[in-house]
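Quick caveat, the model's predicted, so the values are computed rather than measured. Atoms within a ligand are numbered from 1 in the order they appear, just like the ligands themselves.
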Amino acid sequence: MKEPTDWWKDAVVYQIYPRSFQDTNGDGVGDLPGIAQRLDYLQWLGVDTVWLSPVYRSPMRDFGYDISNYREIDPVFGTLEDFKHLLREAHNRGIRVLMDMVLNHTSDLHPWFEEARSSRRNPKRDWYIWHDGVNGRPPNNWLATFGGRAWEWDAATGQYYLHSFLKEQPDLNWRNPEMRRAAFDEMRYWLEMGVDGFRLDVINFIVKDEQLRSNPFAFGPTIRPYDLQEHRYDRNQPETHEILRELRKLLDSYDAMSVGEVYSPEPGDPAVSAAYLGEADELHLSFDFSLCYQSFNAEAIGRCLRRWYAQIPEGASACNVLSNHDGSRASSRLAAKRERRRAFEREKLLAALLLTLRGTPFLYYGEEIGIRDGPIKRSQIVDPLGKKYWPFHKGRDPCRTPMQWSEEPYSGFSHVEPWLPVNVDYPEVNVADERNDPSSLLSWYRSLLHLRRESECLRHGEIVFLDLEAPVIGYRRRVPGEECLVLLNFSARTVRLEPGTVENGTVLLGTNRRSGEQGGKRQALLAPYEAAVFSFRSAAG
Ligand code: TEU
Ligand code: CA
């Protein structure tokens, strides 16, 4: 039994997609020993927590988000010993490790489901969601996120089962107390081993309406049928909160954390995400993806952030993210390559935003060097979503291409052809080159990470947004005795700020200014795409 310490409010999390980080055994797929080998890099970079997308045993229909055994490591990633070694080595370097926990569904090859589907009378039958159907049809209109009906007919036992994703990912029944206990036990197993917490996959999906009512029609962000329903009955059910309060207690007793993937369709809904923070007694952190849907526009991004912070309950904490393994990378979305130099400036600006905001930042591997979505040809698609919806949706392979370590063949990721092609730009965009270049994106990320680590004010300070004329986002971060001012020019033109804005401030870090420089009249101008962080100290406090 440990006392919870709030370490996660201070953390900077780096998401690793293990298949794509580093291959060590020459099968073209990244593995755990590969991650262990790269820990020194992560330490040098200055992140203190890693989140691994699933590495459990899995038939990989959804690349690990279909778990067939929660306690085993899939052989493609290595062994349990490899995992323990990674955990030890990470902890030795002061790096914490989060696993990805999928609680909404298992693989259809999980022994729980194999038992459940073996007979209607099997004791585990009720661990999943079954229905006879109505007049030879599924019981309601629910649809699977990855296409088609959410109900699959099981001929052997003559009932439908529910799957919110692929039919190979049957949904667990969180209304069953034994199933609940079993899932908690799986988490306890990793906590006992020393894992520091979990990212919780689609946590707002886990409970379904008890009466299985049909969803109402709604106009959605896209025309895919799934988005033309209001998901009133297949997500966000009130019972979820009670489960999360229980989970919070378990995690707190290990001083471990949770970050929930709270999925709401474009353009994201911060209120839905924030609801799962409870009264700071449910999720430790909750993802709101609104920021991932914004265009490169100070007003839009500023508005989105204010809305998000306004939702965070008393005592709880925010987190921020620009990219993950499901969507287009921020560099591709917001910093188009057409104008390479401008793209680079925009990338630096976004990094400054992510790493100076209040709350826990989440970086996606490769973001720090400016990896872009890879050009994936139709024949190269492996993501089931891409296979299903191409060309309407090209799937998630483009944002999952291998890490670009060097200009060696296959970017130093592997000696053989990787499972997804390395992005063609790797000879220019790679860790080895950027590491030696003080003006690179990587060096900029590293400076920001180190600044954040050293600055109490940037880690903990409250945030107050300034009412500036667009196209600038500005905010103050405040702790007793210090105030930091962050100014971000989201435009290609020079912007004049009101006199006095930066006077008496000292530059902590800037794209166009030297650290340590004092405020003055000259500083009332912000250069195109300039990012600058100033510190103001007061005698008080
Ligand atoms: O994702 C939830 C999800 O449905 C979306 O993020 C989805 O990938 C998006 O609609 C694509 O347009 C989580 C995981 O992050 C994802 O990788 C898994 O495939 C999914 O759950 C199922 O476990
Ligand atoms: Ca490998």
Which residue and heavy atom of the protein sit nearest atom 1 (O) of ligand 1, plus the separation: Glu261 OE2, 3.1 Å

Residue and atom name of the nearest protein heavy atom (relative to atom 11 (C) of ligand 1), distance in Å to one decimal: Leu385 CD2, 3.5 Å

Protein contact of atom 15 (O) of ligand 1 - nearest heavy atom, named by residue and atom, plus distance: Asp326 OD2, 2.5 Å

Charged N-O contact under 4.0 Å between Arg188 and Glu192: no

Heavy-atom gap Arg400 to ligand 1 smaller than 4.0 Å: yes

Tyr389, portion touching ligand 1 at heavy-atom distance under 4.0 Å: neither

Residue and atom name of the nearest protein heavy atom (relative to atom 12 (O) of ligand 1), distance in Å to one decimal: His393 NE2, 3.5 Å

Protein N, O or S within less than 3.0 Å of the Ca ion (ligand 2), waters excluded: Asp23 OD1, Asn25 OD1, Asp27 OD1, Val29 O, Asp31 OD2

Protein contact of atom 8 (O) of ligand 1 - nearest heavy atom, named by residue and atom, plus distance: Arg396 NH1, 3.0 Å

NZ or CZ of Arg125 within 45° of Trp130 ring axis and under 6.0 Å: yes

Charged N-O contact under 4.0 Å between Asp62 and Arg396: yes

Trp112 ring center within less than 6.0 Å of Tyr70 ring center: yes

Top protein contact for atom 5 (C) of ligand 1, by heavy-atom distance: Tyr263 CE1, 3.7 Å

Heavy atom of the protein closest to atom 22 (C) of ligand 1 (residue, atom name, distance): Asp62 OD2, 3.4 Å

Lys/Arg N to Asp/Glu carboxylate O, Glu367 vs Arg329, below 4.0 Å: no

Nearest-neighbour protein heavy atom for atom 4 (O) of ligand 1, which is reported as residue plus atom name and distance: Phe165 CE2, 3.1 Å

contact_flag Arg61 ligand 1 heavy-atom lt 4.0 Å: no

Option of least heavy-atom distance to atom 13 (C) of ligand 1 (set: Asp201, Ile203, Leu103, Asn104): Asp201

Test applied, ring-ring contact (aromatic ring centres under 6.0 Å, His included); reference residue, Phe205; option that passes from Tyr233, Trp142, Trp174, Phe165: Phe165

Any Phe63 heavy atom less than 4.0 Å to ligand 1: no

Aromatic plane relationship, Tyr389 with His393 - under 30° parallel, 30 to 60° tilted, over 60° perpendicular: tilted

Ring geometry between Tyr276 and His241 (parallel below 30°, tilted from 30 to 60°, perpendicular above 60°): parallel

Neighbour count >12 (heavy atoms, 6.0 Å) for atom CZ, Arg137: no

Aromatic ring pairing Tyr161/Phe113, orientation class (parallel under 30°, perpendicular over 60°, tilted between): perpendicular

Whether His325 and Tyr65 hold their rings parallel, tilted or perpendicular, with breakpoints at 30° and 60°: parallel

Contact partition for Arg199 relative to ligand 1, non-hydrogen atoms under 4.0 Å: side chain

Quiz item: cation-pi between Arg346 and Phe296, 6.0 Å / 45°: yes

